Colleague: 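Sharing a structure below in structure tokens format, with a few things to ask.
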Amino acid sequence: MTRIYISRDSGALAVGAESVAKRFEREATERGLDLEIVRTGSRGMYWLEPLVEVETDQGRVGYGPVKASEVGTLIDEGILAAKSHKKCIGVVDEYPWFKNQTRLTFARVGITDPRSLKDYQAHGGYAGLKRAIEAGPDAIIEQVLTSGLRGRGGAGFPTGIKWRTVADTPPQQKYIVCNADEGDSGTFADRMIMEGDPFVLIEGMTIAGIAVGATYGYIYVRSEYPHSIEALRAAIDAARAAGFLGTNVAGSGYAYDMEVREGAGAYVCGEETSLLDSVEGKRGEVRAKPPLPAHVGLFGQPTIINNVLSLATVPIIMDRGGEFYRDFGMGRSRGTMPIQLAGNLKYGGLYETAFGITLGELVDEIGGGTKSGRPVRAVQVGGPLGAYFPRSLFDTPFDYEAFAAADGLIGHGGVVVFDDTVDMAQQAHFAMEFCAIESCGKCTPCRIGSARGMEVIDKIIANDNRAANLEILEDLCNTMKLGSLCALGGFAPYPVMSALTHFPEDFGAEKKRLEDAAE
Amino acid sequence: MPKYETWAPERASEIIAQHQDQKGATLPILHALQEVFGYVPLAAEPLIADALNITRAEVHGCVTFYHDFRREPPGRRTLKICLAESCQASGGRALAKRAKEKLGVEMGGTTADARVTLEPVYCLGLCHSSPAAMLDKDVYAALDAERLDELLKEAQS
């Protein structure tokens, strides 16, 4: 029997993986081949999708990108015997782009069948939960603290401290909430986990529940991710059927269960307090803090709210120990970061590596420069609220503090590359426009500031009272930064000010200079 | 292809009853109604308010807060084109313009023959292969003008 692997990740489906799989099935029936097709997550090398991997004694040999129309020819040319071919990339685990990564959170993504609990366990799944049950709540929190894990949603708050705060509240109904409202453009790591290894997220949330005494959890997934919702619901059912969720988790005596809630297209619900209001069935408006969600969270109860990547990293920390994880990384950024390479890049995809790699390495070497073949001009890191970086800052290491020092943020780890055709004034305008569209409306700096921001940028571009309007824009950005309730209004100034600082020529500065010279 | 039912209050009440007992039931109810009818009409609001014992204002506030919920019936197919940064960096704006011209509608509009509703979306999480779009629940990435035209043809068929 021959076994092949084809991704069912929506990034692969979006470029035709489903019809490739169907074509293999049809060819196998017609030719009477003994062929098993296993559907996996994606390896994250999306320029190679649909990637077909053939199992051999040396490992899985990859071919990609494969079109449905060429499946018959590929079989004729011997790919099921792993013969060499111009589309062959060799053994996938040895392929440099993949091999050079440090895959801890993503250890199984692209390798296992995300619908198979058996496959999950065969690849180390639920080993973390087993150790967590043996260790007990206090020791779990100690391990998470030791690991140095910080919130991967963007804020970078130490996960263990959040957990300790909830654990220290008196016994009562507590909740675990997973923030899977991955709305930042340039990010897809949460989606890849949910579609490619949903059990690891369920296991992480179960461990969190045991650690703080929470018996119920919600995963809030954005509605733009229907495949993630389907995969998670199937995995939760499978985990419950096998006794990993319910009143007696894996025979431990701990109770924990969970469900998926679907968002409804509001970007601001990625902010933790508006997410909680949304789960409660209300408008997704931001809450003032304090009280912290750890004290007064979902339905008024103590709540842990963490990003998908933070929770999905907990099982390996429990399995291998906090120190193992802490030994990767630099400074106060410990462990690995699943970095998402996006936009106008030749090799877009998921690259998990220890903190410390530079922005230039990510864009020029790993990303391979632009897809359009033109020079890279600007890189936005950390989503729509992240700063635009020029080439002169390409030596910035990927690290929470180093990015903050460069007036930027790593956010959820998305890197969006633009070539030299980008108009940075238009991008700055979009940052304000997006903030205006998505503002929840609760605080004035965000709601009104974003609309005024668009107008002022328009005036600057039109060279209308330029010097005075630049001052107004800077003042407005400071008001939004310091006066907004949450990061939507508070961080929208980052892309605006960075565009203005690093690319002033796009805001009519050159025009102004020429006019001055003419006078 | 989704097939929507004509608005019927009795049917709506049935759907609401199926979901009303869970905690924070508003969004699950709104999603379920939109799944069946294609939109959430004003007439649904008092039914939800009654079932959940909350005010009509609270329901109305909730429906209108979220971009997903439509107040009018959509076309037979819904095409969402991503307008976020990664797609902007990869020719997404030009694709959106092309789609608007070919369909003869603005973003948020429905073609005169009620076949296609065109909507913007801010990120489908396919930024590794921008630009991206979604037709009903199927996703498409690495689009160019030619593939967009195929997609438009499929949407209009």
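Residue numbers start from 1 in every chain, and the chains themselves are labelled A, B, ... in the order their sequence lines are given, proteins ahead of strands. Bear in mind that the values here come from a model prediction, so they are computed numbers and not experimental data.
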Colleague: Where on Leu341(A) is there a heavy atom nearer than 4.5 Å to chain B: the side chain, the backbone, both, or neither?
Modeller: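 It is the backbone, since no side chain atom gets that close.
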Colleague: What option among Thr64(B), Leu124(B), Leu143(B) has the most heavy-atom pairs under 4.5 Å with chain A?
Modeller: Leu124(B)
Colleague: Flag the one option from Gly284(A), Ser223(A), Gly349(A) with the top tally of heavy-atom pairs under 4.5 Å to chain B.
Modeller: Gly284(A)
Colleague: Between Gly186(A) and Cys123(B), what is the shortest heavy-atom contact and its length?
Modeller: N-SG, 4.4 Å
Colleague: With a 4.5 angstrom heavy-atom cut-off, could you sort out which part of Cys269(A) is near chain B: side chain, backbone, both or neither?
Modeller: side chain
Colleague: For chain A, which of Lys80(B), Gln34(B), Arg93(B) has the most heavy-atom pairs under 4.5 Å?
Modeller: Arg93(B)
Colleague: Look up atom NZ in Lys371(A) and atom OG in Ser90(B), then write down how far apart they are to the nearest 0.5 Å.
Modeller: 4.0 Å
Colleague: I would like to know whether Cys127(B) and Thr187(A) meet side chain to side chain contact (heavy atoms under 4.5 Å, CB included); could you show each step before the answer?
Modeller: CA-CA 7 Å; Cys127(B) 322; Thr187(A) 64; 6.0 Å; no
Colleague: To the nearest 0.5 Å, how far apart are OH in Tyr225(A) and NZ in Lys137(B)?
Modeller: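 It comes to 15.5 Å.
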Colleague: Counting only heavy atoms not in Glu150(B), do more than 12 sit closer than 6.0 Å to its CD atom?
Modeller: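 For Glu150(B), atom CD is crowded (more than 12 foreign heavy atoms under 6.0 Å).
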Colleague: Drop me the distance from Glu280(A)'s CD to Leu27(B)'s CG, to the nearest 0.5 angstrom.
Modeller: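 Output value for this atom pair is 12.0 Å.
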Colleague: Check whether Glu85(B) gets within reach of chain A through its side chain, its backbone, both or neither, counting any heavy atom under 4.5 Å.
Modeller: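 It is both, since atoms from each part get that close.
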Colleague: With a 4.5 Å cut-off on heavy-atom pairs, point out which of Glu18(A), Arg191(A), Glu224(A) contacts chain B the most.
Modeller: Arg191(A)
Colleague: Taking every non-hydrogen pair under 4.5 Å, which of His227(A), Glu49(A), Glu285(A), Arg222(A) racks up the most with chain B?
Modeller: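 The candidate making the most pairs under 4.5 Å is Arg222(A).
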Colleague: At a heavy-atom distance under 4.5 Å, which candidate from Met192(A), Arg261(A), Lys282(A), Gln427(A) has the highest pair count against chain B?
Modeller: Arg261(A)
Colleague: Nearest 0.5 Å, please: how far is CD in Glu262(A) from CG in Leu30(B)?
Modeller: 11.0 Å
Colleague: Quick check on the interface: out of Ala14(A), Gly348(A), Gly11(A), who has the most heavy-atom pairs with chain B under 4.5 Å?
Modeller: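 Of the candidates given, the most pairs with chain B belong to Ala14(A).
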Colleague: Just how far is it from atom OG of Ser278(A) to atom OH of Tyr66(B), taken to the nearest 0.5 Å?
Modeller: 3.0 Å
Colleague: Output the option from Gln22(B), Glu58(B), Arg147(B), Gln88(B) having the highest count of non-hydrogen pairs under 4.5 Å with chain A.
Modeller: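 That would be Gln88(B).
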Colleague: When rounded to the nearest 0.5 angstrom, what distance separates CG in Asn344(A) from OG in Ser130(B)?
Modeller: 9.0 Å
Colleague: Do His67(B) and Glu438(A) pass the side chain to side chain contact (heavy atoms under 4.5 Å, CB included) test, and can you show the C-alpha distance, the side-chain angles, and the key distance before you say yes or no?
Modeller: CA-CA 9 Å; His67(B) 300 304; Glu438(A) 299 297 338; 3.1 Å; yes
Colleague: Checking ring pair (Phe, Tyr, Trp, His ring centres under 6.0 Å) between His128(B) and each of Tyr347(A), Phe188(A), Tyr351(A), Trp47(A), which is the one that passes?
Modeller: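 When ring pair (Phe, Tyr, Trp, His ring centres under 6.0 Å) is applied between His128(B) and each of Tyr347(A), Phe188(A), Tyr351(A), Trp47(A), only Phe188(A) qualifies.
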Colleague: Just do the side chain to side chain contact (heavy atoms under 4.5 Å, CB included) check on Tyr216(A) and Lys23(B) with the steps written out, would you?
Modeller: CA-CA 12 Å; Tyr216(A) 206 80; Lys23(B) 290 189 123 184; over 6 Å; no
Colleague: If I measure from the heavy atoms of chain A, does Leu83(B) come under 4.5 Å with its side chain, its backbone, both, or neither?
Modeller: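 Interface part for Leu83(B): backbone (N, CA, C, O).
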Colleague: Which answer fits Asp184(A), side chain, backbone, both or neither, if we ask what part of it has an atom under 4.5 Å from a heavy atom of chain B?
Modeller: backbone
Colleague: Tell me, for Tyr388(A) versus chain B, whether the close heavy atoms (under 4.5 Å) come from the side chain, the backbone, both or neither.
Modeller: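 The side chain, not the backbone.
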Colleague: Taking atom CD as the centre, does Glu72(B) end up with more than 12 heavy-atom neighbours from other residues, nucleotides or ligands that are less than 6.0 angstrom away?
Modeller: no
Colleague: Less than 4.5 Å apart, any side-chain heavy atom of Tyr140(B) and any of Leu13(A)?
Modeller: no
Colleague: Determine whether more than 12 heavy atoms belonging to other residues, nucleotides or ligands lie under 6.0 Å from atom CG of Asn53(B).
Modeller: no
Colleague: Could you tell me whether a side-chain N or O of Ser185(A) sits under 3.5 Å from a main-chain N or O of Ser86(B), the two making a donor and an acceptor?
Modeller: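 Side chain of Ser185(A) to backbone of Ser86(B): a pair is present.
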Colleague: Closest approach of Ala266(A) and Phe65(B), non-hydrogen atoms and distance?
Modeller: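 Ala266(A) and Phe65(B) have their closest heavy atoms at CB-CE2, 4.0 Å.
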Colleague: Among Ser372(A), Pro384(A), Ala378(A), Ser228(A), which residue forms the greatest number of heavy-atom pairs with chain B at distances under 4.5 Å?
Modeller: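 Winner by heavy-atom pair count: Pro384(A).
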Colleague: Counting only heavy atoms closer than 4.5 Å, note whether Leu350(A) contacts chain B via side chain, backbone, both or neither.
Modeller: neither
Colleague: I'd like to know whether Tyr267(A) forms a ring-ring contact (aromatic ring centres under 6.0 Å, His included) with Tyr122(B), so could you lay out the CA-CA distance, the side-chain angles of the two residues, the decisive distance to 0.1 Å, and finally the verdict.
Modeller: CA-CA 8 Å; Tyr267(A) 174 77; Tyr122(B) 294 95; 9.1 Å; no
Colleague: Closer than 3.5 angstrom, by distance alone: can the side chain of Arg283(A) be matched with the main-chain N or O of Cys62(B) as a donor-acceptor pair?
Modeller: no
Colleague: Let me know if Val279(A) has heavy atoms under 4.5 Å from chain B in its side chain, its backbone, both or neither.
Modeller: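 For Val279(A), backbone heavy atoms alone lie under 4.5 Å from chain B.
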Colleague: Where on Glu259(A) is there a heavy atom nearer than 4.5 Å to chain B: the side chain, the backbone, both, or neither?
Modeller: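 The side chain, not the backbone.
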Colleague: Name the region of Val268(A), side chain, backbone, both or neither, that has any atom closer than 4.5 Å to a heavy atom of chain B.
Modeller: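 The side chain, not the backbone.
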